[in-house]
Amino acid sequence: MLSMRFPVVPTHKNTTTLSHHLQNKSFSSVTSDRDLAKRNRRIRWNFGPSISSPRFRKLLVNGALIVPPPQEEEEEEEEEEGEVGKKRPAEVELPAGLRLELMPKHVSVTPDGHRRWARKRGLPIDEGYKALGRRMAKFIRLCCKWGVPVLTFYAFSTENWSRSKEDVDSFMNWSEMWIKSVTMEKWMRNNVRLSVIGDKSMLPNSLQQVISEAEEALKANTRLHFIIGLSYGGRYDILQACKSVASKVKDGLIQLEDIDQSIFEQELETKCTKFPNPDLHIRTSGELRLSNFMLWQVHFTEFYFANKCFPDFEEADFIEALNSYQKRDRRFGGR
């Protein structure tokens with residue numbers, strides 16, 4: 001049975017009423033410009049005891065029908081300090097218990113479970129993609145804040161092409177919109193560089209164009225290198241690197257005897273970043289496998305598996321994964 005409460009309307013002297021917010025675009029003079037921007041984006045909802053309802057809650061306020069956003073979408077992006085167009089300084093603010101000298105240089109994530117997360121809630125798959133985007137944006141902010149220089153998301157594998165055309169098209173459309181609207185301005189201000197790895201020739205032309213423009217616009221940024229694996233697979237990566245090396249031998253650019261690990265790694269997709277090998281790999285939704293992710297690069301990667309679907313993987317869970325990583329004795333084959 002649906003249980004519902006009306007929002008608690010603030011009444012103290014420095015706060016206007018909710019009905020005033022709905023009827024007027026101006027707010028009390030005590031609010032800052034930053035608060036104004038936040039309130040214009042969203043009216044905060046203060047409900048009584050938890051209500052079990054379908055996707056939306058409908059409320060009557062002063063005779064007006066109000067439909068608040070779904071509960072899953074209530075998380076709001078943190079405001080970034082600084083003037084538009086100016087990059088923020090690379091200040092590191094670590095949670096209690098984490099040590100800066102033990103932070104991983106490269107964190108990679110297989111964000112599994114966003115489709116299951118949507119189905120479990122009776123939502124369309126697109127809502128799972130939106131939840132994925134919100135959580136990825138949160139990871140980007142946290143890595144910037146905590147001084148992690150490289151963050152990789154394994155978003156779409158070479159094997160994912162076997163999904164239905166409808167699912168693939170939906171994901172590609174969402175990817176294009178997300179990269180366009182994922183706040184290029186904020187990425188520039190926060191000094192975030194973007195690279196997309198994988199067989200980009202398989203992607204829709206419009207998505208390829210969006211990726212190319214974003215990579216070019218952000219290529220000089222240095223605070224965080226954010227890498228997305230789209231149409232990426234570890235076997236594909238090794239195979240294309242082998243072909244590239246063989247082609248150079250054929251053309252006389254290198255000799256067969258010159259080929260070593262360093263030469264080979266220069267042909268892998270991860271050659272785009274300073275720290276190509278993940279120190280910590282996080283996989284969500286309870287799956288305990290690599291799924292063809294960076295098969296060459298993860299030779300000494302530490303793994304952290306979480307039972308939560310990725311949209312439910314919170315900041316506290318990320319901190320727990322980092323704590324687990326920092327407690328491990330990494331010997332790299334030595335004793």
Side-chain angles (χ1 to χ4, degrees), residues 1-8 18 22 41-61 64-78 109-142 153-157 159-183 204 207 228-230 282-289 291 305-318 320-321:
M1 181 175 180
L2 178 63
S3 163
M4 186 172 295
R5 283 204 170 197
F6 292 95
V8 178
L18 179 59
L22 298 173
R41 284 200 309 272
R42 179 178 294 135
I43 295 174
R44 293 285 185 181
W45 295 88
N46 181 13
F47 293 94
S50 64
I51 58 175
S52 56
S53 67
R55 188 176 168 193
F56 292 96
R57 297 185 292 267
K58 296 184 179 180
L59 308 172
L60 279 172
V61 180
L65 183 64
I66 308 300
V67 183
Q71 191 167 4
E72 299 88 355
E73 297 184 7
E74 287 181 358
E75 180 179 345
E76 182 178 359
E77 287 193 7
E78 298 171 3
V109 182
T110 299
D112 211 4
H114 49 279
R115 289 153 52 90
R116 275 169 277 169
W117 178 89
R119 291 194 190 102
K120 184 178 179 181
R121 288 159 175 74
L123 300 174
I125 298 301
D126 284 356
E127 293 300 318
Y129 297 148
K130 292 176 184 177
L132 166 67
R134 290 193 298 272
R135 195 60 66 201
M136 286 202 309
K138 180 71 172 179
F139 263 69
I140 291 171
R141 292 196 298 274
L142 292 177
F153 267 82
Y154 190 26
F156 191 89
S157 72
E159 290 72 30
N160 290 153
W161 289 108
S162 63
R163 293 176 177 172
S164 70
K165 185 179 185 302
E166 180 182 3
D167 281 356
V168 170
D169 289 347
S170 178
F171 181 81
M172 293 300 161
N173 290 335
W174 171 81
S175 297
E176 183 175 337
M177 288 188 296
W178 189 76
I179 294 174
K180 277 182 178 178
S181 64
V182 77
T183 63
L207 178 54
I228 308 175
L230 283 178
I282 299 170
R283 178 157 189 169
T284 56
S285 83
E287 305 293 353
L288 304 177
R289 57 179 179 269
S291 296
F305 297 101
N307 288 323
K308 292 183 175 182
C309 289
F310 185 67
D312 294 325
F313 196 82
E314 303 285 350
E315 178 176 338
D317 300 308
F318 193 10
E320 182 179 337

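Throughout, numbering of the chain's residues begins at 1 and tracks the sequence.
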With sequence neighbours excluded, tell me which residues meet side chain to side chain contact (heavy atoms under 4.5 Å, CB included) with E159. Y154, S157, N292
Would E166 and I125 count as a side chain to side chain contact (heavy atoms under 4.5 Å, CB included) here? Give the steps. CA-CA 10 Å; E166 180 182 3; I125 298 301; over 6 Å; no
Do [X] and [Y] come close enough that some side-chain heavy atom pair is under 4.5 Å?
| X | Y | answer |
| --- | --- | --- |
| W178 | M136 | yes |
| R289 | R283 | yes |
| F313 | V109 | no |
| F156 | I228 | no |

Output the distance between atom [atom1] ([X]) and atom [atom2] ([Y]), rounded to the nearest 0.5 Å.
| X | Y | atom1 | atom2 | result |
| --- | --- | --- | --- | --- |
| R135 | C309 | CZ | SG | 12.0 Å |
| W174 | K130 | CH2 | NZ | 11.5 Å |
| L123 | R115 | CG | CZ | 14.0 Å |

According to the interplanar angle, ranging from 0 to 90°, do the rings of F139 and F318 count as parallel (below 30°), tilted (30 to 60°) or perpendicular (above 60°)? parallel
Indicate the atoms forming the closest heavy-atom contact of [X] with [Y], along with that distance.
| X | Y | answer |
| --- | --- | --- |
| L207 | M172 | CD2-SD, 3.7 Å |
| L230 | S175 | CD2-OG, 4.4 Å |
| Y129 | D167 | OH-O, 3.6 Å |
| A118 | G128 | CB-N, 3.7 Å |
| A155 | F171 | O-CZ, 3.7 Å |

Would you find a donor on one side and an acceptor on the other, under 3.5 Å apart, between the side chain of N173 and the backbone of S170? no
With S285, which residues qualify under side-chain hydrogen bond (donor to acceptor under 3.5 Å, both in side chains), at least two apart? D112, R116
So which of D312, L132, T284 actually passes side chain to side chain contact (heavy atoms under 4.5 Å, CB included) with H114? L132
How would you list, by chain and number, every residue that makes a salt bridge (charged side-chain N to carboxylate O under 4.0 Å, His left out) with K120, sequence neighbours excluded? none
